[in-house]
Each structure stands twice: as structure tokens, then as C-alpha cells.
Amino acid sequence: MSNIGIWEAAEPGVRRKILNAQKGLMMMEVHFEAGAEGYEHSHPHEQMSYCLQGSFEFRIDGRKHIVSAGETIYIPGNARHGVTALEPSALLDAFTPIREDLIKI
């Protein structure tokens, strides 16, 4: 069974739903409780994150960036990155190529 379109738990206080994944592009919505973290990691995929609501502190290759509702941030492939929700918040993430490691078929 595919997990596309299904809400699932990620890290504590974080849940995500893959909205679509076609050819070389994938989009995912991610909701965070206040203080919840997307743990630091890296992947070869390029990523753009659009803040739907709330605000976040992103850490990308050791540099901190604050992103609030209506703002976007770019994360290069292989960059070490993590994020903390500064309040109840939500992101819309786009990846290229598709994050096959997150898709269940």
C-alpha cells in the first residue's frame, strides 16, 4: 500500500503527508508542534521549503535562518540541515529528485 496522501508520524511532534511524487519532483506537507524538531540530516536531493504557517529556525551547514509564514528557503543537495518549530507551524516541502527513501509502495 502506498503512503502517498496518508498522514504519518515522523519525529516526535512532527507528522507528514506526501502530496504527490511524479517523475523527478515530490511535494510533501509537514506539521510541527511548538518546539518539535526535524532532526539534522542530509540527502542528495535539492529541497525548497515554504512556510505555510508559524515560524521555524532552520540550520543549514551550521548557519541559522529564521523562516516565517509566507517565506521560502532553499536547501542544496547534500547540505547538513535540521529545523525547529518556534510555534505550532507547517511547511510545504518540494524535493528533486523524488525522495524514494520516504515513499512506500
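Positions are given from 1 along the sequence. Owing to the predicted nature of the structure, the values given are computational and were not obtained by experimental measurement.
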Please answer whether the main-chain N or O of Ser55 pairs with a side-chain N or O of Ser89 as donor and acceptor at a distance below 3.5 Å. yes
Notebook entry, point to check: Which is it for Phe32 and Val83 under the side chain to side chain contact (heavy atoms under 4.5 Å, CB included) test, yes or no, and what are the steps along the way?
Noted result: CA-CA 10 Å; Phe32 293 74; Val83 65; 3.9 Å; yes
Can you hop from Ile4 to Val30 via hydrophobic side chains spaced under 4.5 Å? yes
*Taking the side chain as C-beta and beyond, is there a heavy-atom pair between Ile73 and Phe56 under 4.5 Å?*
no
Contacts of Asn20 meeting side-chain hydrogen bond (donor to acceptor under 3.5 Å, both in side chains) (sequence neighbours excluded), chain-then-number -> Gln22
Taken in chain and number order and not counting sequence neighbours, the residues that satisfy side-chain hydrogen bond (donor to acceptor under 3.5 Å, both in side chains) with Arg15 are none
Run Met48 and Thr96 through side chain to side chain contact (heavy atoms under 4.5 Å, CB included) and show every step you take. CA-CA 9 Å; Met48 280 200 150; Thr96 187; over 6 Å; no
The side-chain contact (heavy atoms from CB on, under 4.5 Å) partners of Ile103 (sequence neighbours excluded) come to Asn3, Ile18, Ala21, Met26, Ile98, Ile105
Sorted by chain and number, sequence neighbours left out, ring pair (Phe, Tyr, Trp, His ring centres under 6.0 Å) with His43 holds for His41, His45, His81, Phe95
Contacts satisfying side chain to side chain donor-acceptor pair (under 3.5 Å) that involve residues 60-74 (not counting sequence neighbours) are Glu46-Tyr74
Looking only at the side chains, is there a donor atom on one of Asp93 and Ser49 sitting less than 3.5 Å from an acceptor on the other?
yes
Kindly work out whether a path of hydrophobic side-chain contacts (I/L/V/M/F/W/Y, heavy atoms less than 4.5 Å apart) joins Leu102 to Leu92. no
By side-chain hydrogen bond (donor to acceptor under 3.5 Å, both in side chains), Glu33 pairs with (sequence neighbours left out) none
